[in-house]
Number of protein chains: 2
Amino acid sequence: MVTLAEVARHAGVSASTVSYVLSGKRTISTPTRERVERSIRELGYHPNAGARALASSKSNIIALMMPLRTDMYLPVMMEIAIAVATTAREHAHDVLLLTGQEGPEAARRVVGSGLADAMILMDVELEDQRLPLVRVTPRPAVLIGLPSDTTGLTCVDLDFAATGRRCVDHLAELGHREIAVVGEAAAVYERRTGFAERTVRGVRERAEELGTRVLHRPCDGSYESVAGTLARIFDERPGTTGIVVQNEAAIEPLLSLLRQQGRAVPEDVSVMAVCPEQVAAGTSVPLTSVAIPAQEMGRLAVELVMARADAGAGRDQAAVPPRIELLPPTLTVRGSTGPAPTPR
Amino acid sequence: MVTLAEVARHAGVSASTVSYVLSGKRTISTPTRERVERSIRELGYHPNAGARALASSKSNIIALMMPLRTDMYLPVMMEIAIAVATTAREHAHDVLLLTGQEGPEAARRVVGSGLADAMILMDVELEDQRLPLVRVTPRPAVLIGLPSDTTGLTCVDLDFAATGRRCVDHLAELGHREIAVVGEAAAVYERRTGFAERTVRGVRERAEELGTRVLHRPCDGSYESVAGTLARIFDERPGTTGIVVQNEAAIEPLLSLLRQQGRAVPEDVSVMAVCPEQVAAGTSVPLTSVAIPAQEMGRLAVELVMARADAGAGRDQAAVPPRIELLPPTLTVRGSTGPAPTPR
DNA sequence: GTGAAAGCGCTAACAT
DNA sequence: ATGTTAGCGCTTTCAC
């Protein structure tokens, strides 16, 4: 294994000079720098990560915790993870993947051991078990999702309340007066992250302002469940002409069922979804949708956590104030929504 | 920050004793051990990862590379990643997530710097760019997938050829004499991993033995594409009564289209898939399928890489011989396959 | 602009 | 069964 000392000898300089060439923390004369860089290349030198971490007390590793609790939609998680990894590399950091089964102690472990010097928490619950640790730890952390008490925390998420409002606006503009929300599984509402509620709250809020009627039904993604949900919707509210779906798994079954029932989309009923762009564009009927900006969330989380890490290095405590960053919803109109049918 | 030396002082022992209590590499008297363990708890000591890595030249980190090239089905990747992380923890290792955009150099970087002491490569191509490095590096590596030349490599994958054969067997037993394969996107066959070809080869092989006719069509997952593919299939082979799908995205559109065309499943046409269990069980018609054992693949990859790592520590070179581990296909019969209809 | 040297916290001989 | 000690390879004062 090639060491810094060997590079130094090969280049005829001291170890510290090599170190400074690498870090750029000191001005080096061009000839010296070039000599060192040449030696590095010729010897195939790679700085030892452990030694670096020990000497600098910085690991250049971000821990990404994804508990993967219930029925979280894996592709979105995955997209976020990819965006986090990509962005982290742009900041010369790597990503350590922590999954759920180790529990909140995983965070304590990686931070306590200095393995990671920052962390990003996904799949945040309203009363997340990891929050006490996050509030106490000196390492910067960013949550993807919104707990009920955000005091002192930095969070990133889609603005689901605004998303709900935006959906109602769109349907109302098209003349729809009775709309239904096909939501996430009941379990998601009961014990979880709050994002589903936030959407529904947004929907209700705007619907009230506009005098639109709303029926909300949780729904797990199975074909049977969607069939039952749909039946109940048209049973209770035969006049329903607009449907907002916030449940990736329910989308195809829903479209398929409407087709079978002879309800044309969007002529008889308008359907819109809160889901990743890719999903909305790939369905049997391309769906008008509000995107779940997985990439942006991942990227932003890293940028925020790095900003705090850099500041923390300068001043003693986090000089960057905590921050709640709610991404504004973006609605894309595709083929699945249209003017409300004129009642017979 | 609490150090080992502080723990030693607090427990009234030497540093090495604390170290040995931690590693278990030396027998410690029960009273001493208990005293040390108590001090560790009381002081809230966490061994410093960097110092450990430096002193022992082992980082206890496995790098997981997922290039995420083309249209790989993200949920499967994700499941594998989760299984890898979980299993790694059982071996006291953590997982570093490397994505594609850094290219093959990422492997060189993490291994060269000692950041990772083993690696698992996903999404392996037939002529994978990373293979030269893997063959040269002293660190143990395991591939998930099969390149064209496996000399000296340890690989894990589903036995796709056997999977193809198994599918034909199942349909043939039910009396089907003309079957179609709806495959992955053409791009997958052209520039990629070989798994899709292996399935088709298995299908052809067994079909030939049994005198079954086979029509194979690549297909990207879009609704239009599936519609076109299906039309061509029944156009060219009106007698087709069995369909094997190897393309998660194509499944729902396919079922939906068959329904629209008035072809009942499985009365008129039997459909079976090569896909994760979860997908097969959740479709509008539960699908007879061969599972993609994502979890097992992830777990096995870690077990194999750890076995090589442990052996490498003992002897000089890898004492554990390279190994190709092809998981046998498991077919689960659900509602979507049945006896071939008697020709009119 | 460059060097010398003191650690960073731990592991693993080498002692006893 | 336990203690002593020499590094592991790098960063970063301090000195010139």
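Convention: sequence-line order gives letters A, B, ...; per-chain numbering from 1.
In this structure, B/E90 pairs ionically with B/R299, as a charged nitrogen and a carboxylate oxygen lie closer than 4.0 Å.
Across all strands shown, B/S16 has heavy atoms under 4.0 Å from base atoms, whether or not it also approaches the sugar-phosphate. Using a 4.0 Å heavy-atom cutoff across all strands shown, A/S19 reaches at least one base atom of the nucleic acid. Nucleic acid contact class of B/T32 (heavy atoms, under 4.0 Å, all strands): sugar-phosphate only. Residue-level contact check: A/G12 touches the backbone only, with heavy atoms under 4.0 Å from sugar-phosphate atoms and none from bases. Contact annotation for B/V13: backbone-only contact, meaning every heavy-atom pair under 4.0 Å involves sugar-phosphate atoms and none involves a base.
Under the side-chain hydrogen bond (donor to acceptor under 3.5 Å, both in side chains) criterion, B/T151 pairs with B/D149, not counting sequence neighbours. The side-chain contact (heavy atoms from CB on, under 4.5 Å) check on A/A11 picks up A/V13, A/V36, A/S39, with sequence neighbours excluded. By the salt bridge (charged side-chain N to carboxylate O under 4.0 Å, His left out) test, A/R9 pairs with no residue at all, sequence neighbours left out. Scanning for side-chain contact (heavy atoms from CB on, under 4.5 Å) contacts around A/A53 gives an empty result, with sequence neighbours left out. Under the salt bridge (charged side-chain N to carboxylate O under 4.0 Å, His left out) criterion, B/E325 pairs with B/R323, not counting sequence neighbours. Listed by chain and number, the residues in a salt bridge (charged side-chain N to carboxylate O under 4.0 Å, His left out) with A/D128 are A/R69, A/R130 (sequence neighbours excluded). Take B/E102 and apply the salt bridge (charged side-chain N to carboxylate O under 4.0 Å, His left out) test, not counting sequence neighbours, and it matches A/R89, B/R109.
Axis angle between the ends of the helix from C/dG1-D/dC16 to C/dT16-D/dA1, five pairs each and rounded to 10 degrees, works out to 30°.
There is a side-chain donor-acceptor pair under 3.5 Å between A/S14 and A/T17. Between A/T32 and A/S29, the side chains place a donor N or O and an acceptor N or O closer than 3.5 Å (distance only, hydrogens not considered).
Taking the nucleotide of DNA chain D with the nearest heavy atom to each of A/L22 and B/S14, the more 5' of the two is matched to B/S14. Positionally, the nearest nucleotide of DNA chain D for B/T27 lies more toward the 5' end than for the other of A/S23 and B/T27.
Near-neighbour residues of DNA chain C inside residues 37-57 of chain A, defined by a heavy atom below 4.0 Å, number-ordered: A/L54, A/A55.
Atom CG of A/N60 and atom P of D/dC10 are 15 Å apart (whole Å). Atom P of nucleotide D/dG3 and atom NZ of B/K25 are separated by 19 Å, given to the nearest angstrom.
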Extract from the structure each pairing of a protein N or O with an N or O of nucleotides 14-16 of chain D at less than 3.5 Å, listing the distance.
none

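The side-chain heavy atoms of B/L54 and A/R52, taken from C-beta on, include no pair separated by under 4.5 Å.
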### Task
Starting from the C-alpha separation in whole Å, work towards a yes-or-no answer on side chain to side chain donor-acceptor pair (under 3.5 Å) for B/E127 and B/S148.
CA-CA 6 Å; B/E127 308 296 334; B/S148 49; 2.5 Å; yes
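Contacts classified as salt bridge (charged side-chain N to carboxylate O under 4.0 Å, His left out) and involving residues 24-34 of chain A (residues at least two apart or in different chains) are not found.
The backbone N or O of B/L115 sits less than 3.5 Å from a side-chain atom of B/S59, completing a donor-acceptor pair.
Close approach of DNA chain C to chain A, defined as any atom under 4.0 Å from a non-hydrogen atom of the protein, starts and stops at C/dG1 to C/dG9.
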